[in-house]
Each structure stands twice: as C-alpha cells, then as structure tokens.
There are 2 protein chains.
Amino acid sequence: MGTRPGRGTANRGGGRAGTRLRRGGVAMAGGGPRRCRRLEADAARAVLGAADTLLFDCDGVLWRGEAAVGGAAAALGRLAAAGKRLCYVTNNSSRTRAAYTEKLRRLGFPPAEPRHVFGSAYCAARYLRQALPLGAAAYVLGSPALAAELEAVGVPHLGPGPAALPGPAPADWAQAPLDPAVRAVLVGFDEHFSYAKLCQALRYLLRGGPDCLLVGTNRDHRLPLEGGTAIPGTGCLVKAVETAAQREAFIVGKPNRYMFDCVASEFDIDPTRTIMVGDRLDTDILMGNSCGLTTLLTLTGVTTLDEVKGHQESDCPARQSLVPDYYVDSIADLLPALGD
Amino acid sequence: MGTRPGRGTANRGGGRAGTRLRRGGVAMAGGGPRRCRRLEADAARAVLGAADTLLFDCDGVLWRGEAAVGGAAAALGRLAAAGKRLCYVTNNSSRTRAAYTEKLRRLGFPPAEPRHVFGSAYCAARYLRQALPLGAAAYVLGSPALAAELEAVGVPHLGPGPAALPGPAPADWAQAPLDPAVRAVLVGFDEHFSYAKLCQALRYLLRGGPDCLLVGTNRDHRLPLEGGTAIPGTGCLVKAVETAAQREAFIVGKPNRYMFDCVASEFDIDPTRTIMVGDRLDTDILMGNSCGLTTLLTLTGVTTLDEVKGHQESDCPARQSLVPDYYVDSIADLLPALGD
C-alpha cells in the first residue's frame with residue numbers, strides 16, 4: 001500500500017461467529033462453509049428486528065438507471081418508519097452526496113440527508129482531508145462531482161475536465177508545469193481520461209515519491225448499462241496509473257472497509273446490528289462480510305443465484321467470502337415482513 | 001491467453017545447457033546459479049567468433065534519443081564487416097521499419113534494410129496478418145507508424161488519432177457505431193489514448209468475445225527520457241484495456257518470444273549462435289535467456305550492475321532468468337576484440 005491508512009477507523013466488529021450461530025446454527029468461526037439462504041418473511045422479521053442500521057448500495061438495488069426498482073421505495077419507507085437508520089454506500093464517484101439525496105427524493109424514497117450518503121467521491125475527499133497536510137492539493141482524474149466533494153471538505157485540487165498534451169514530442173510532455181502544492185493523485189471515474197492526464201499523474205507521483213498519495217475511488221472494471229451493455233469502469237483508469245507508477249493505490253470504495261469505516265465513524269454503528277444490502281458479490285457482499293455485517297444480496301442487479309452457488313460450493317476461502325448470508329429477488333420482498 | 005498463437009514459429013533452441021558449459025564451465029541445466037561476467041577483450045573475441053547473428057535493442061544500446069552512443073556505430077560497422085548478421089529488435093511501436101533504417105543511417109550505423117528491423121509495430125502487424133481471417137480489420141489504439149505497418153501487410157484498420165465521446169451520456173457512448181469488420185483490438189503506444197477509445201475497444205471485445213483478438217505491442221510501463229524523467233509506456237494502456245475486458249492480451253514484444261520467432265522465421269537463425277544485446281533485464285535479457293540466446297547487457301541504458309547483482313544473488317528462478325551471460329559498459333567496449 002503506497003498510502004497512509006485513514007485516521008477515521010471503526011469498531012472492527014468481532015462478533016461475527018456468535019451472530020452466525022444465533023442466526024443459522026452454522027458454525028463460522030472454524031472456517032466452515034458459508035450458506036446463503038433466501039430471506040423468507042419469518043426470517044426477515046427476525047433479521048430486520050435485530051438490526052438498527054441498513055446500508056444500501058444504490059444502482060441495481062434501489063434503482064436501475066432512472067427507474068426505481070418496483071416496491072423498493074415502499075420497503076425503505078417502512079424501514080424508516082420502523083426507526084431503522086438507512087445509509088447509502090456507493091462506489092459511483094460521479095455524483096455528490098447532495099445529488100444522491102435529490103435522486104432518492106425524486107424516485108420516491110424516504111427523505112435522506114446528504115450525511116447519510118457515502119459515495120466514493122465523498123469518501124475519497126474525506127480521506128484526503130485527513131491524510132494530506134494542510135494546504136496540500138490533489139491532482140484529480142475525475143468528474144465535477146469528485147471536485148465538488150473535495151471543495152466541500154476544503155481540499156484544493158486541479159485536474160477535472162479535458163486536458164491536452166502540452167506539445168508534439170515526449171520531451172514537451174515531460175516538461176509541462178507541475179503545481180508545487182500537489183501531494184496526491186486521486187483517480188475516479190473520468191470520461192476525459194487521456195494519455196495527457198496519465199502523464200501528469202505519473203509526473204506528480206515520480207516527483208513526490210512516497211510523499212505523494214495515490215488514491216482511487218474504486219476498482220469496478222465495468223459500469224453495466226441498461227440493455228446488457230457496459231462501459232469501462234474506474235478500475236481501468238486506476239490500473240493504468242498504478243502500472244505507470246508501479247505502486248498500489250489506496251482504494252476508498254467497496255470492497256475496501258474504508259467506506260464502512262466512514263459510516264461507522266460518523267454514526268454510532270454496531271456491525272452486529274447492521275445489514276449490508278447489495279447486488280454485487282465482489283464489492284457489496286465482500287465488504288459486508290469482511291466488516292462483520294449481515295449481508296443481503298438482491299437479484300435486481302448484476303448477480304445471479306448461480307454465481308452465488310458456485311462460490312458457495314467452492315473450497316476456496318476467497319470465494320467463500322463472496323457468499324452473502326441471505327438473498328431476495330428484490331428488496332420489495334421485504335415488504336411482507338414489514339407489515340403495513 | 002485470449003488469442004491464438006502465431007503460426008510463424010521458430011527453432012525452439014534447446015542447446016542452451018551445452019552452450020553454457022562450453023562458454024563458462026558453469027552447469028546451467030540443473031538450475032544452478034546464473035553468473036554475469038564482464039565481457040573482456042579475450043572472451044569477447046571467443047563469444048563474437050562463435051556467433052553469426054546479433055540482435056540489438058536500440059534505445060539505450062545504440063543511441064539515447066537522437067544521439068548515438070559513442071563508438072557504437074564503429075562497433076557495428078566492424079561486426080558487419082566481419083560478416084555478422086545484424087538485426088534490430090525494439091518494443092517501440094511508434095516507428096516503422098523504414099524509419100528505423102533511416103535513423104540507423106542518419107546516426108552513422110552500417111546500412112540496414114527494413115527487413116532487418118523487428119519493431120513491435122511490424123511484429124504486431126505480422127501477427128494480425130497471420131491470425132485474422134481475410135478482410136477482417138483491427139481497431140487500433142496506436143500511432144500512425146503502427147497504422148502504416150498494418151497497411152504494409154494488408155490488414156485493414158481504424159482508430160489512430162484523437163477520438164471524442166459520441167455524446168454526453170454513458171448511454172450515448174454505448175451506442176456509437178461499430179465497424180462490422182473489426183475482429184481484433186490492437187494496443188500500442190498512443191498519445192491520443194482516451195476514455196472514448198477505451199470504451200470502443202471494450203465494445204469490440206464484448207461484441208466479438210473470444211473471436212475478437214486482443215493484442216498488445218509490449219508491456220513497458222514507462223518510457224525513460226533524457227534527464228532521468230519518464231512518461232507512461234504502452235503497458236499502462238494495455239492494462240487499462242485488459243482490465244475493462246477482463247482478459248489477457250497477446251503481447252508481441254519482448255520479453256515474449258514472438259519477436260524472436262519473427263526474426264527466426266524470416267532468417268536462418270541458430271539460437272546457439274545468436275547474441276541478444278540490450279539494456280533492459282526484464283525485456284531484452286529475459287527474452288534472450290528464454291530463447292536460448294547468449295545475452296549481453298550494456299550499461300548505457302536503464303540498468304545498473306547492482307540490479308544484476310541483486311538478481312544473481314537471489315534464489316528466485318524468476319529473478320535468475322533476468323541475469324545476462326555478459327555485460328559491457330558500452331558496446332564500444334567490443335571494439336578492441338574486433339580489430340581494426
């Protein structure tokens with residue numbers, strides 16, 4: 001890891017084995033197999049009753065693109081009415097906390113405040129605010145939203161938007177001006193990613209050596225779109241910068257626990273009373289499992305039950321760590337357990 | 001490997017252990033340690049006398065930027081006069097074979113023909129000509145030189161130059177037109193590399209599945225420039241595409257043996273009578289060692305003798321494979337062994 005760990009840390013949640021034994025009668029502490037069960041209404045009442053916080057991934061769980069998942073808003077409304085704390089954890093670095101609360105409102109979800117939204121743009125800004133010396137700036141490969149989150153926490157930055165090479169020859173590229181204040185390179189989703197930006201990122205990292213942080217919002221390799229298509233994800237851009245710099249980025253997004261640590265340090269979170277709800281095994285479920293949360297997969301996003309079964313039947317510990325505790329076809333399936 | 005192996009293959013050079021025993025009295029076949037020795041004049045006469053072909057890396061060996069390494073042109077002149085076959089093997093994909101012969105001429109090296117130059121642009125074009133069905137095209141992330149080499153061997157292509165995203169939203173990017181003839185994505189050095197191009201590359205790879213080849217010219221992660229600076233190398237771009245596509249590219253450049261196989265299939269090459277001369281351990285020397293060539297490191301480029309010693313003292317077979325048979329400070333050091 002080329003960067004310093006975040007200072008904001010959380011309860012490390014050691015209560016997993018006990019919770020498991022209570023819930024399913026399956027001993028987990030000895031490394032026994034994980035089992036994923038459908039969360040039927042009776043079990044759902046018990047599981048939800050034992051939780052005070054639910055963390056929701058957004059795309060593929062609450063909505064797909066601009067359309068809310070049917071029944072999702074009603075389910076969250078009932079959870080809120082039952083006094084549950086609802087937080088939103090997303091690797092998407094292209095929207096601010098404020099934009100997420102506005103989208104939740106627009107799609108009929110219960111009112112949320114920006115402080116309940118933990119996007120990778122906010123979490124990256126928070127990390128840099130803690131890790132950078134006062135006045136130090138970040139060179140940003142990312143969106144206006146990422147820049148806005150940096151601004152909101154007072155981290156100076158440069159970079160968003162298109163950039164051209166400063167001349168026709170490699171010797172020109174290696175002599176473009178560098179901002180003396182830059183002490184971090186931050187890589188998020190950047191539709192203007194280019195060789196010119198990669199070049200500047202490398203030059204800041206070479207100039208600063210270990211004193212220049214390298215931070216990525218997430219490693220998602222693709223963004224799925226409606227209709228089964230996909231576009232390259234931030235993970236591709238992070239890999240390009242890591243390859244140039246020959247060092248590993250600190251990743252704030254799922255499955256890294258930093259995103260959960262952000263939630264836990266800003267709210268009074270007991271991991272054993274927290275449910276992580278997501279549609280991706282290698283981000284949502286892995287983070288939830290490794291932070292000692294109860295994990296609930298919904299099949300409204302990118303994962304099929306066959307993939308879960310494949311991991312479940314594997315002897316490989318890395319694959320076992322991708323198996324959720326429970327699954328539902330959709331979070332609307334929680335409605336019967338939540339009464340009227 | 002997501003691509004078919006090239007059809008043009010070469011003598012696999014099984015005579016390494018015997019050659020070693022003859023040369024240094026050190027048994028290599030049993031996996032004993034490799035030793036790198038300075039090539040003094042007496043040994044140089046014997047080593048050069050036993051060789052009929054020398055393969056030269058270019059930048060850092062023959063020249064640095066636009067300046068020839070002192071004495072290098074004279075040394076190659078004498079090798080040519082002594083009847084040695086001289087070939088040039090370079091991972092640089094930004095120049096054609098013709099441009100290399102012109103540069104050799106300009107810097108005073110003995111006359112070379114384009115067919116003696118094996119740049120990664122030419123080798124990639126040759127690979128695609130063999131591996132693609134007739135009429136199939138390549139989507140190219142690369143330079144005009146890469147396009148010219150494709151043209152020279154008759155592989156249709158599209159892509160070089162800047163590309164813009166075809167609209168403001170991800171849904172637009174996933175609907176840009178795709179050329180129906182494209183059956184390969186070729187990644188070389190591309191100063192116009194951008195998210196838009198990465199997106200198109202992924203879309204061709206997703207459309208074609210295993211029937212769309214993914215080929216990279218090389219994995220060099222940086223291009224060193226004069227003055228100790230560096231810019232990102234083709235390896236960064238290849239990694240970005242590989243990450244998006246979640247598959248491995250076929251790499252034509254060093255240390256992959258494909259580049260040597262190109263030389264060997266176009267000339268009558270006996271690996272045991274061939275010397276690979278280079279300045280990089282992880283490309284030039286590794287390819288030479290793994291193809292059964294005699295390997296000679298020159299210290300005029302990116303490698304120090306301390307790095308060689310580190311590998312030599314390591315027990316790790318992967319590091320041992322980076323140790324050259326011999327080193328010289330500069331190929332000008334060969335002059336005394338070559339008479340007047």
Side-chain angles (χ1 to χ4, degrees), chain A residues 65-66 92 94 141 143 162-176 178 187 189-203 205-207 219-247, chain B residues 65-66 92 94 141 143 162-176 178 187 189-203 205-207 219-247:
Chain A
E66 276 304 310
N92 187 327
S94 301
L141 307 178
S143 65
L165 283 166
D172 303 320
W173 312 339
Q175 283 167 15
L178 295 179
V187 187
F189 183 77
D190 186 358
E191 68 189 68
H192 299 294
F193 184 83
S194 65
Y195 185 77
K197 287 184 161 190
L198 178 60
C199 205
Q200 284 297 85
L202 172 61
R203 294 180 63 228
L205 291 164
L206 290 178
R207 183 190 71 176
R219 287 199 189 279
D220 296 26
H221 61 274
R222 284 183 210 156
L223 301 181
L225 300 182
E226 288 301 283
T229 60
I231 56 173
T234 305
C236 307
L237 316 184
V238 172
K239 266 287 182 203
V241 177
E242 288 182 323
T243 302
Q246 294 283 287
R247 55 185 274 198
Chain B
E66 275 304 309
N92 188 327
S94 302
L141 307 178
S143 64
L165 283 168
D172 304 319
W173 312 339
Q175 283 167 16
L178 295 179
V187 186
F189 183 78
D190 187 357
E191 68 190 67
H192 298 295
F193 183 83
S194 64
Y195 185 78
K197 287 184 160 190
L198 178 62
C199 203
Q200 283 298 84
L202 172 62
R203 294 180 62 227
L205 291 163
L206 290 177
R207 183 189 69 175
R219 288 199 189 277
D220 296 23
H221 60 273
R222 283 184 211 156
L223 301 180
L225 301 182
E226 288 299 284
T229 60
I231 56 173
T234 305
C236 307
L237 316 184
V238 172
K239 267 288 179 199
V241 177
E242 288 181 324
T243 302
Q246 294 284 289
R247 56 185 274 199

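Letters go in sequence order (proteins before strands), and every chain restarts at 1.
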Is [X] close to chain A through its backbone or its side chain, or both, or neither, when contacts mean heavy atoms under 4.5 Å?
{"X": "B/Gln175", "answer": "neither"}
{"X": "B/Asp190", "answer": "backbone"}
{"X": "B/Leu206", "answer": "side chain"}

To the nearest 0.5 Å, what is the distance between [atom1] on [X] and [atom2] on [Y]?
{"X": "A/Leu202", "Y": "B/His221", "atom1": "CG", "atom2": "NE2", "answer": "9.0 Å"}
{"X": "B/Thr229", "Y": "A/Arg207", "atom1": "OG1", "atom2": "CZ", "answer": "14.0 Å"}
{"X": "B/Asp172", "Y": "A/Leu225", "atom1": "CG", "atom2": "CG", "answer": "10.5 Å"}
{"X": "B/Glu191", "Y": "A/Cys199", "atom1": "CD", "atom2": "SG", "answer": "10.5 Å"}
{"X": "A/Tyr195", "Y": "B/Thr234", "atom1": "OH", "atom2": "OG1", "answer": "8.0 Å"}
{"X": "A/His192", "Y": "B/Leu165", "atom1": "NE2", "atom2": "CG", "answer": "7.5 Å"}

Query raised in the report: Taking all atoms of both residues into account, what is the closest heavy-atom pair of A/Ala240 and B/Ala240, and its distance?
Result: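 Distance-wise, the nearest heavy atoms are CB-CB, 4.2 Å.
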Query - A/Ile231 to B/Pro170 - nearest heavy-atom pair and separation - result: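 That would be CD1-CB, 3.7 Å.
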Query raised in the report: B/Gly233, B/Ala164, B/Gly227, B/Pro232: which one forms the most heavy-atom pairs within less than 4.5 Å of chain A?
Result: B/Pro232
Requested in this report: Would you mind checking which part of A/Gln246 comes under 4.5 Å of any heavy atom in chain B, side chain (CB onward), backbone (N, CA, C, O), both or neither?
Outcome: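 For A/Gln246, heavy atoms of backbone and side chain both lie under 4.5 Å from chain B.
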Query - Side-chain heavy atoms of A/Leu198 within contact of B/Leu237, under 4.5 Å - result: yes
Query raised in the report: Do the rings of B/Phe193 and A/Phe193 sit parallel, tilted or perpendicular, given the 30° and 60° boundaries?
Result: perpendicular
Query raised in the report: Hey, does the side chain of B/Arg222 reach the backbone of A/Ala245 with a donor-acceptor pair shorter than 3.5 angstrom?
Result: yes
